[in-house]
Structures are given as structure tokens and as C-alpha cells.
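Data block below; observations after.
Both backbone and side-chain heavy atoms feed into the values below; hydrogens, waters and symmetry mates do not. Naming convention: chains lettered A, B, ... in sequence-line order (proteins, then strands); numbering from 1 in each chain.
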Amino acid sequence: MNTIYALYKILYKTYGPQGWWPITGYGYHKADYNFPRSENEIFEVCIGSILTQNTTFTSVVKSLENLYAKNALSATAIVSMECDKLKEAIRPSGYFNQKARYILEFIKLYNALAGKVPRREALLDVVGIGEETADSMLLYGYNQREFKVDAYTKRILLELGIIEQKSSYSEVKMLMESSLKECVSNEDELLKVYQEFHALLVEHGKNFYSKKPYGVGCFLKEHLR
DNA sequence: AGCCAGGCTACCG
DNA sequence: CGGTAGCATGGC
């Protein structure tokens, strides 16, 4: 068992299953991996992935509920909305001008897919979709084995001395994926580990890595010694 | 009052 | 290439 997988086991034992990605009208679905359950739920995860950029998820929930209340939580409904109405609905998540554009740009690709799984490269070609957002859509919307790296992931691994400050997104992603593949041979199990691990890192990050100095009281440091 | 949040683009050197 | 201002609202 390598360090990364050991880290996962500690977090899972501490916090348990997280049930990401939460779905409007249902919420988190702990220990139930049969999500998303429909085309519209896949779409919702993708839109949520854009909305959550540099924003708390509670704000995203408000935006998604605004869209839901307008019966506009689908690709066809959003493109037929007035752009100002879209902005109004997603306003709570911040950056509503750019995010409205990003959503409309994404929908072009989404419609062209006709239900198929997008290639990572195709997602990255969409304005407003960077590496983390692409991996978020693929991992939680399309159940693809793509590890999602975020600010907490880097912050925690840096504090533990596992990566360096200058480590790039793809370097961290590859480290996580190669380490986990060594320990988890079953592909379905590996997908679950990717989904839970990222959520667990966020939960742990909120607890010990949101304000400086980072890592005060973090028990991972002791466990990995 | 000020800092941070489940980032990305555009532009700089 | 790596580094950073700007984007905007809400919560604490």
C-alpha cells in the first residue's frame, strides 16, 4: 500500500462515504453510486461544475434551484431562455456574466455529443472549461476514471511533503491516478475511490486547510509518519 | 471590514 | 513557459 492510498483509507475511515455529486431535489447520495440517473442529471452535474468555480457549493445550490424553479435545468430549456434571465438565476454563484457564457458554450458541445461521453480534449477546447472543471464533469457526470485535483488537494499534499509548490495540475493528477491504480485493480472500485477521494479531500480541506496557517490540527501528518 | 470559496481567461514578462 | 489581475456574490 502506497502513501496516497493510505491517505485515502484514513480519510474514508474518518469521514465515511461523501455521496458526491449532490443532485437537486435529492442531495448527497452516500454509498449509492448509481448516479447520475438520467440525462438531465448528467447535464446538471456539468452545469454545477461550471458554477462551482471559485465559489462555495451552497451558492451553487441556490443557482441550480433557481433554474429548477424555472423548469430550466436542461440544455434545451437554457438555450431558449433570455440570457439576462439565465444570469439572474445563476447570480448567487458569482461571476455570472462569464459563467452564463461558459454554460452556453458548453451546451454547444453537449448537444453535439448527442448523449455520448465527451473526450477530455473536447471539453478543454470549450471556453470556461479548464482541467478541473473537465475532470469534474467526467468523474461525476459521466463516471469516467479521471481524478479531479483542486486547491485543497494541492494544499494538503504540499503540507504532507508529497508534492511541491510548483507541481502542475497534470503532475498531481498523474501521481494520484498511478498510485491508486497500483492498489485498486477493479475498475468500478477505482471509479468509486476517485469519486470519494476528491470529496474527502474537500471535506478535510474545509476542516483544516481553509485558513492560514494551513494544516493546524491535521491528523494526517501523524498517521503518515 | 476583510478574507475566502469545490477556477478560468487574457495578458504580461 | 510561469505568474497574476479581473471576474462577483455570499458567508463568516
Per atom distances to the Tyr102(A) side chain, the nearest of dT9(C), dG6(B), dT9(B) is dT9(B)
Atom CZ of Arg155(A) and atom P of dC4(B) are separated, to the nearest Å, by 8 Å
In whole angstroms, the gap separating P of dC3(B) from OH of Tyr214(A) amounts to 12 Å
Point to revise | Spacing of the C1' atoms in dG2(C) and dG6(B) (rounded, Å) | key: 24 Å
Query - base_contact_polar (dG6(B) base, Tyr28(A) side chain, donor-acceptor, <3.5 Å) - result: yes
Here the distance between atom P of dA5(B) and atom CZ of Phe96(A), to the nearest Å, is 22 Å
Any side-chain N or O of Lys62(A) below 4.0 angstrom from OP1/OP2 of dG11(C)? yes
What residues 120-137 of chain A contributes to the DNA chain C interface at heavy-atom separation below 4.0 Å is none
Symbol by symbol from the 5' end, with Watson-Crick or G-U pairs under 3.5 Å, [ ] crossing and | another strand, DNA chain B is .||||.|||||||
inquiry  = Between Asn54(A) and dC8(B), is there a contact of a side-chain N or O with OP1 or OP2 at under 4.0 Å?
reply    = no
Check: Roughly how far apart, to the nearest Å, are dC8(B) and dG11(C) at atom C1'?
Finding: 23 Å
* Classify the nucleic acid contact of Tyr95(A) as base, sugar-phosphate or nothing, counting any heavy atom under 4.0 Å across all strands shown. => base
Taking dA5(B), dG10(C), dG7(B) as options, the one with an atom nearest any side-chain atom of Ala151(A) is dG7(B)
Rounded to whole Å, CD of Glu88(A) lies from P of dA8(C) at a distance of 16 Å
With the side chain defined as heavy atoms from C-beta on, Ser59(A) is closest, among dG10(C), dG6(B), dA5(B), to dG10(C)
Closest heavy-atom pair, Ala199(A) versus Tyr140(A), reported as atoms and distance to 0.1 Å, is N-OH, 3.7 Å
Taken to the nearest whole Å, CD/Glu164(A) to C1'/dG2(C) is 15 Å
Tested for salt bridge (charged side-chain N to carboxylate O under 4.0 Å, His left out) against Glu159(A), the lone hit among Lys154(A), Lys212(A), Lys221(A) is Lys221(A)
Lys99(A) atom NZ is separated from dG6(C) atom P, nearest whole Å, by 18 Å
query = Is a donor-acceptor contact shorter than 3.5 angstrom present between the side chain of Gln53(A) and the base of dC8(B)?
reply = no
*Nearest-angstrom distance, P atom, dA8(C) to dA1(B)*: 23 Å
